[in-house]
Amino acid sequence: MPELLGQDFLIQGMQKRGIIGKPENLHPLAFTSKVSQLWDLSTRWMGRSHVGKSEEIAPALARRIELRPRKGQEDLSHEATMRQGEFWVFMRDDIFWQPINPSTLSPDIRLNAKFLKPYPVTAHDVKFYLDTIMNPHIQTPSAIAQREFYADVEDFLVIDDYTFVVRWKLKDVVIDEVSQRAMRADSLSYVAGLRPFPRFVYQYAPDGKKIVGNDSDPMTYRKHAVWAEVFLQHWSQQTIISCGDWLLEARSPREFLFRKNPFAADSAGALNRYLHFTIRDTPLALWHAFKINELDTCILAPSLKTEKESFLNSPLYLKQTAQDPKNEIGSLRYEDKAFFFIGWNCQNPLFQDAKLRRALTMAMDRAKIVDQYLGGDAVTINGPFMRSSPSINPSITTIPFDPFLAQKKFEELGWKDVGGILHKDGMPFSFALTYYAKSTTARLIAEGVADQLRDIGIDCRINGLDGLDYESRLSDKQFDAYLGGYSQNNFPENIRQLWHSSSALRKGSSNMVGFANERADSIIDAVDYCFDREKKMELYREFGAILAQEQPFTFLYTPITHLLYRKRLENVFIPKDHQELIPGAILGQPQSRLFYVHTTP
């Protein structure tokens, strides 16, 4: 970081970003990614990935994490301890929860003075986080997803205010042809991913009284139904409680303003004095804000490429750059860490046959989707892994676009043309494709897919839903098919969350399509306990082949993001392209936590 910033660097100025769509609330277990991103600004984890890397963990809230033998197993070899030990986490004692800012709350809330002072972040707050997400009465999709990550934690022991121990369940597995006991191979990354929740807020009513009068039972917050109900509608859900780099200074229906936490232990965690977010309803509205210099960055929607070129030759832009050369616009194009798809509800009788799902994929011209609706700013894919991942199976053949062969496949499955619509057993091939209505790109793709399927006799009705309606419909698995997207992991990828059958029927789970495959389950279980990198890659590749055969998703594309930025914004670069700054960097996306606006003193 010193090399990136220089010795004379001063933290000052304000960085301006944009958000599409106003969050309903700022609850820490809200479903939307935008709320998670806002909380990330104000949260600390035990550890975090090195900048530009994914498999190396740097200390954060934890000073250090040690793997030690369990009690009674002190004679274990180092190799056995790596598989059967317990994690001792030693936290920093100089991190504090900052007081709640009353101006960010509803004006009718009257706060007790206890909320207006700082509190140390302790191991008890980390236990509280784990108890909260494991509480079965908290059924938000975010809680359910995080619960799956920590389902195999056997014990969480608080040793003192700044020390705790995490023990994972041991399972009988075969390693090097020998049956052994082992914990999950990725246990360390999940220990590093633990975070605190502010007990001084979420265990209390605004008058300062405890929600649960007697919470002496250490399992109280892991099982208490009444507390869970209150927590889900907590009085503080319109604000963010910070122990991290940024403090929520002010909020309105159209903006959020964060201020650098002056008490943050790591001064390089926030590189400007303020961070401002403008809220707009559409990518077009954010583009207009960027044009008039209200934002430092803008993700350019594919439909706006022509307008962008026009703007660069406009009198307004020429005036802006004449006033200050740092108003000049720079750009980066890169493959995003995300993939988009059509998910088929595998529990719906219409889509239970993998042969039918493959025929549906064959009927879709994914290259046309990329060219016509994304302006070429995407790459077609045939699976969920990043194209740079060693998990990619190069032997998988992408299902080609062939509507004539697709029609033949449907005929072989018993579907016959009746008046231009395929029928089977007297029932038409008809379903609804659900998509997020506020996304123009999603609507265009949904319309394009419906047209392509209509050409071969399938009645595909598009069903655009807004925010919460879209999320709840997917969470409750009340859909035929949906157009969606997921973020991608770097190697080693988490495939349990989306694909294991244990969550196929569970409402709120990430396995929204209800995919279930016995061999896929066995691979997922093996990956979780595989300590050999090469063997793990073999398992991922076999898993990819199963998805290609089963087609629970029709994998559409990975987007190429077009990031525009005003050149007053510094440190906008792709880590893997700058080995001189970050040796060993592998990430192909810019790291926004490095961005800062250069301000002339």
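If you read the sequence from its start, that first residue is 1, and numbering goes on from there.
A donor atom on one side chain and an acceptor atom on the other are not found under 3.5 Å apart for Y373 and E447. There is a side-chain donor-acceptor pair under 3.5 Å between Q551 and T361. Checked by atom type, the side-chain pair D480/N348 shows a donor-acceptor distance below 3.5 Å.
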Test salt bridge (charged side-chain N to carboxylate O under 4.0 Å, His left out) on D281 and K22 and set out the steps.
-> CA-CA 7 Å; D281 292 331; K22 176 182 176 294; over 6 Å; no
Working note: Y190 + D186, criterion side chain to side chain contact (heavy atoms under 4.5 Å, CB included); need CA distance, chi angles, decisive distance, verdict.
CA-CA 7 Å; Y190 286 118; D186 54 5; 3.2 Å; yes
Exercise for the section: Go through L453 and V449 one step at a time and tell me if the side chain to side chain contact (heavy atoms under 4.5 Å, CB included) criterion holds. Expected result: CA-CA 6 Å; L453 294 179; V449 167; 4.0 Å; yes
Let's go through D172 and R181 carefully: what are the C-alpha distance in whole Å and the side-chain angles of both, what is the deciding distance for salt bridge (charged side-chain N to carboxylate O under 4.0 Å, His left out) to 0.1 Å, and is it a yes or a no? CA-CA 5 Å; D172 291 316; R181 300 275 286 167; 3.6 Å; yes
Verify ring-ring contact (aromatic ring centres under 6.0 Å, His included) between Y540 and W499, making sure each step is shown before the conclusion. CA-CA 12 Å; Y540 279 130; W499 308 111; over 10 Å; no
Check: Going through the checks in order, is the side chain to side chain contact (heavy atoms under 4.5 Å, CB included) test met by C530 and L539?
Finding: CA-CA 9 Å; C530 181; L539 290 167; 4.3 Å; yes
With salt bridge (charged side-chain N to carboxylate O under 4.0 Å, His left out) as the test, would you mind laying out the steps for D353 and K355 before giving the verdict? CA-CA 5 Å; D353 191 334; K355 294 179 181 178; 5.9 Å; no
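Looking only at distances, a side-chain donor or acceptor of Q488 sits under 3.5 Å from a matching main-chain atom of A338. Under a 3.5 Å cut-off, the side chain of T132 and the backbone N or O of F128 do form a donor-acceptor pair.
Taking the centre of each ring, Y150 and F156 stay at or above the 6.0 Å mark. Centroid-to-centroid, the aromatic rings of F341 and Y482 come within less than 6.0 Å. Taking the six-membered ring where the residue is Trp, the centroids of F149 and W168 are separated by 6.0 Å or more.
Aromatic ring orientation, Y202 versus H27: parallel (interplanar angle below 30°, classes split at 30° and 60°). Taking the six-membered ring where the residue is Trp, F543 and F385 present tilted rings, their angle falling between 30° and 60°. Taking the six-membered ring where the residue is Trp, F340 and Y557 present parallel rings, their angle staying beneath 30° rather than reaching 60°.
Under a cut-off of 6.0 angstrom, the local environment of NZ in K34 is crowded, with over 12 non-hydrogen atoms contributed by other residues, nucleotides or ligands. For CD of E154, the number of neighbouring non-hydrogen atoms (other residues, nucleotides, ligands) closer than 6.0 Å is greater than 12. With a 6.0 Å radius and a threshold of 12 heavy atoms from other residues, nucleotides or ligands, K171 has its NZ atom above the threshold. With a 6.0 Å radius and a threshold of 12 heavy atoms from other residues, nucleotides or ligands, K507 has its NZ atom at or below the threshold. Surrounding NZ of K424 are more than 12 heavy atoms belonging to other residues, nucleotides or ligands, all under 6.0 Å away.
By the ring pair (Phe, Tyr, Trp, His ring centres under 6.0 Å) test, W344 pairs with F351, F431, sequence neighbours left out. Applying the salt bridge (Lys or Arg N to Asp or Glu O under 4.0 Å) criterion to R473, with sequence neighbours excluded, gives no partner residue.
Shortest non-hydrogen contact noted between K536 and P492 is CD-CB, 3.9 Å. The heavy-atom pair separating L350 from S430 by the smallest distance is CD2-O, 3.9 Å. The two residues D131 and P218 come nearest to each other via the heavy atoms OD2-O, 3.8 Å. R48 and R593 get closest at one heavy-atom pair: NE-NH1, 3.1 Å.
Here the rule is side-chain contact (heavy atoms from CB on, under 4.5 Å) with D377, and of V370, D371, I560, T561 only I560 fits it. For the pairing with S509, the side-chain hydrogen bond (donor to acceptor under 3.5 Å, both in side chains) check across E148, Q497, K477 returns one residue only, K477.
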Identify each donor-acceptor pair in which a side-chain atom of residues 511-518 lies under 3.5 Å from a protein atom, sequence neighbours left out, and give them as a table.
unit_1	atom_1	unit_2	atom_2	d
N511	OD1	G514	N	3.2
N511	OD1	F515	N	3.0
N511	ND2	H500	O	3.1
N511	ND2	F515	O	3.0
N517	OD1	R519	N	3.1
N517	OD1	A520	N	2.8

